Amino acid sequence: MERNLTADQLALFEKEFASNPQYRVMQNAVTQTPVNSIALDRQVVTSMDHSVSNLLDDWKVTNQKKSGRCWLFAGLNLLRAGAAEKLGVKDFEFSQNYLLFWDKFERSNFFLEAIIETADRDADDRTVAHLLSDPIGDGGQWNMFVALVRKHGLVPKSAMPETESSSSTGQLNDVLRKLLRQGARDLRALDGAEARRERKREILVGVHRALSIHLGTPPQKFLWQWKDTDKGFHRDGWTTPTEFAAEYVQLPVDEYVCVVHDPRPTSPVGKTFTVDFLGNVIDAPPVVYLNVEIDLMKQLTQDAIVGGEPVWFGCDVGKQMNLELGFWDAKLYDYEAVYDTEFTLDKAERLIHHETLMTHAMLFTGVDVVDGKPRRWRVENSWGDEKADSGFWTMNDSWYGEHVFEIAVRRSALPAELQARLNDEPIVLPAWDPMGALAH
């Protein structure tokens, strides 16, 4: 075939399509009906329901609304069940807005420090270009969540409730991007660490002001009192966010580590990795993860749930997903039948060729175990309670293997040899590597 598409070649493509009655039937269907309605495999759907053998959730789901805070919601959802039990209440929420404020402020500082570190490089250097492409998005990873809790503590939702801009972050992010890219220009034009750090302080004053206008001012102390489910009144008195977190976080978040499934040939199993310029809090432990086989990741997830603990995880949420039903299955949609085309990229090849990356974080709250193996998983999403099973989704195990990338588990849950590997110096991946994607 010639490099250029000639008129004769174009005619052949049209002839091939027109000569097949099946294609014309499918054209008639797809031009009038959403393709997912046609491709949906009813056999998969009718084989699924939302029941599981091991169920942890008896609470209501949360709603991140028009924001990319899923990783914060999933982290706080992991912690809130223990807090609700200690408080003697049915449902409890930590303030997601509080952590959003501090993530935005800390990440602004992290970005500006990265700009200072790379100030001697050209603006079109690939790392600098990557930093400038999205200096202040909403997304994040587990280690970034832990860094915020460790440094800033937590507050109840009543102490810093949602605002218009925490629930819909578009305008806030727009002004922050302007401030930070403008600040990057100024920092790159200056000489010397002292001048750059003084300008950085001035930039951060503006960032703090914008955050306070949009999100409110984070409380340094607040009076904490509440009523339990029996209407008993309690008052802890004045407390700080770090004191509140120390009192009501029942899980040792510092003991949790990230394990991932990265099947690319360049990512050996049993090795630790980090991603250049990935993080939010300067001087916090770096974002490090351990690469393991998918079967071990599933077993760790199952063991935690059976043992009574939900599991934070990150995945590529939009693949083979039905929003109304709240189902995921690796073969939920039969696109090959619709297009008469094979789709043959495996998980590793999808990572290599930019067809997948981690896009969303949620919480495993149940597992259906048959003969010791997981059959399907129950998931607490943060998209409200109008879809799925009052906001709780169901994932067939086939989908876990293909589209789940990361979980947070206790270090002690890992086999001894893998616990030892966590002490190794991590392999540094470039800033644009897909395993550095931020769940949103």
Side-chain angles (χ1 to χ4, degrees), residues 64 66-72 100-145 147-148 165 168-190 196 199-200 203-204 206-207 210-211 214 260 262 264 266 273-282 284 286-287 289 314-318 350-361 405-406 428-440:
Q64 68 187 77
K66 295 179 180 180
S67 73
R69 298 174 289 166
C70 65
W71 60 290
L72 293 176
L100 175 67
F101 183 104
W102 288 120
D103 177 63
K104 295 292 188 189
F105 193 62
E106 293 283 359
R107 198 179 309 205
S108 296
N109 182 55
F110 193 96
F111 167 79
L112 295 172
E113 282 295 317
I115 291 298
I116 291 172
E117 185 175 334
T118 58
D120 60 339
R121 306 186 198 181
D122 291 337
D124 60 359
D125 171 87
R126 188 169 183 182
T127 298
V128 176
H130 175 80
L131 293 171
L132 292 171
S133 67
D134 189 11
I136 198 67
D138 287 350
Q141 293 201 10
W142 170 259
N143 301 79
M144 297 163 66
F145 170 74
L148 292 172
S165 292
S168 182
T169 55
Q171 289 186 331
L172 170 61
N173 286 339
D174 185 58
V175 71
L176 292 177
R177 282 192 294 267
K178 287 181 170 65
L179 288 171
L180 291 174
R181 286 174 176 148
Q182 176 177 288
R185 175 205 62 188
D186 296 348
L187 293 174
R188 287 171 54 80
L190 293 170
R196 285 171 174 157
R199 178 62 186 132
K200 185 190 81 166
I203 297 165
L204 288 175
V207 169
L211 287 170
H214 279 265
V260 303
D262 177 1
R264 291 177 295 178
T266 52
F273 295 83
T274 189
V275 178
D276 204 18
F277 294 109
L278 176 62
N280 54 353
V281 178
I282 294 291
V287 175
Y289 56 80
C315 65
D316 191 355
V317 69
R350 290 196 299 272
L351 282 167
I352 293 168
H353 294 91
H354 297 228
E355 176 58 19
T356 191
L357 43 69
M358 187 173 72
T359 59
H360 192 53
F405 287 104
E406 177 179 348
V428 181
L429 298 174
W432 54 86
D433 190 272
M435 292 306 290
L438 302 177
H440 57 271

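We use all heavy atoms of the structure for the numbers below, so side chains are in, but hydrogens, waters and symmetry mates are not. As the structure is a prediction and not an experimental result, all values here were calculated from the model. Quick note: residue numbers are just sequence positions, from 1.
Contact detail for Pro434 and Leu357: the closest heavy-atom pair is O-CB, 3.9 Å. Considering every non-hydrogen atom in both Met435 and Asp433, the closest pair reads N-OD1, 2.9 Å. Of all heavy-atom pairs between Ala361 and Ala439, the closest is N-CB, 3.6 Å. Considering all non-hydrogen atoms of both residues, Phe277 and Phe110 come closest at O-CE2, 3.5 Å. Gly436 and Leu278 make their closest contact through O-CD1, 3.8 Å (heavy atoms, listed as atom of the first residue, atom of the second, distance). The two atoms that bring His214 and Val175 nearest to each other are NE2-CG1, 4.3 Å, heavy atoms only.
Judged by distance alone, with hydrogens and angles left aside, the side-chain atoms of Arg196 form no donor-acceptor pair with the main-chain N or O of Glu113 at under 3.5 Å. A donor-acceptor pair under 3.5 Å is absent between the side-chain atoms of Thr169 and the main chain of Ser67, judged by distance alone. At distances below 3.5 Å, not a single donor-acceptor pair connects side-chain atoms of Gln141 with backbone N or O atoms of Gly279. Judged purely by atom type and a 3.5 angstrom limit, Gln64 has no side-chain atom pairing as donor or acceptor with the backbone of Trp71. For the pair Thr274 (side chain) and Val428 (backbone), a donor-acceptor distance under 3.5 Å is absent. Proximity of a side-chain donor or acceptor of Asp122 to a complementary backbone N or O of Asp124 within less than 3.5 Å is not detected. Remark: the backbone N or O of Glu355 is not paired with any side-chain donor or acceptor of Arg350 at under 3.5 angstrom. The main-chain N or O of Ala431 is never found under 3.5 Å from a side-chain atom of Arg126 such that the two would form a donor-acceptor pair.
In this structure, the side chains of Val260 and Met358 stay at 4.5 Å or more apart for every pair of heavy atoms. Under the 4.5 Å side-chain criterion, counting only non-hydrogen atoms from C-beta, Asn143 is not in contact with Pro286. Here the side chains of Leu100 and Leu211 are not in contact, with every heavy-atom distance at 4.5 Å or above. In this structure, the side chains of Ile115 and Leu132 come closer than 4.5 Å at one or more pairs of heavy atoms. Between Val281 and Met144, the closest side-chain pair of non-hydrogen atoms is not below 4.5 Å. The side-chain heavy atoms of Val275 and Val287, taken from C-beta on, include no pair separated by under 4.5 Å. Counting heavy atoms from C-beta outward, Thr127 and Trp432 have side chains that approach closer than 4.5 Å. Between Glu117 and Leu131 the shortest side-chain heavy-atom distance does not fall below 4.5 Å.
Ring-plane geometry between Phe145 and Trp142 is classed as tilted, the angle between the planes lying from 30 to 60 degrees on a 0 to 90 degree scale. Ring orientation note: the planes of Tyr289 and Phe273 are close to parallel, at an angle under 30° on the 30°/60° scale.
More than 12 heavy atoms of other shown residues, nucleotides or ligands fall within 6.0 angstrom of atom NE2 in His360.
The side chain to side chain contact (heavy atoms under 4.5 Å, CB included) test with Phe405 is passed by exactly one of Thr359, Thr356, Asp262: Thr356.
In this structure, the separation between CG on Leu112 and CZ on Arg107 is 13.0 Å, given to the nearest 0.5 Å. Annotation: the span from Ile136 atom CD1 to Lys178 atom NZ amounts to 14.0 Å, rounded to 0.5 Å. Rounded to the nearest 0.5 Å, atoms CG (Asp103) and CG (Asn280) are 5.0 Å apart. Atom CG of Leu176 is separated from atom CG of Leu180 by 6.0 Å, given to the nearest 0.5 angstrom. Between the CD1 atom in Ile203 and the CG atom in Leu179 there is a gap of 9.0 Å [rounded to 0.5 Å]. Rounded to the nearest 0.5 angstrom, Lys200 NZ and Ile116 CD1 are separated by 5.5 Å.
Ion pairing of Asp138 with Lys104 is present here, as a side-chain N (NZ or NE/NH1/NH2) and a carboxylate O approach within less than 4.0 Å.
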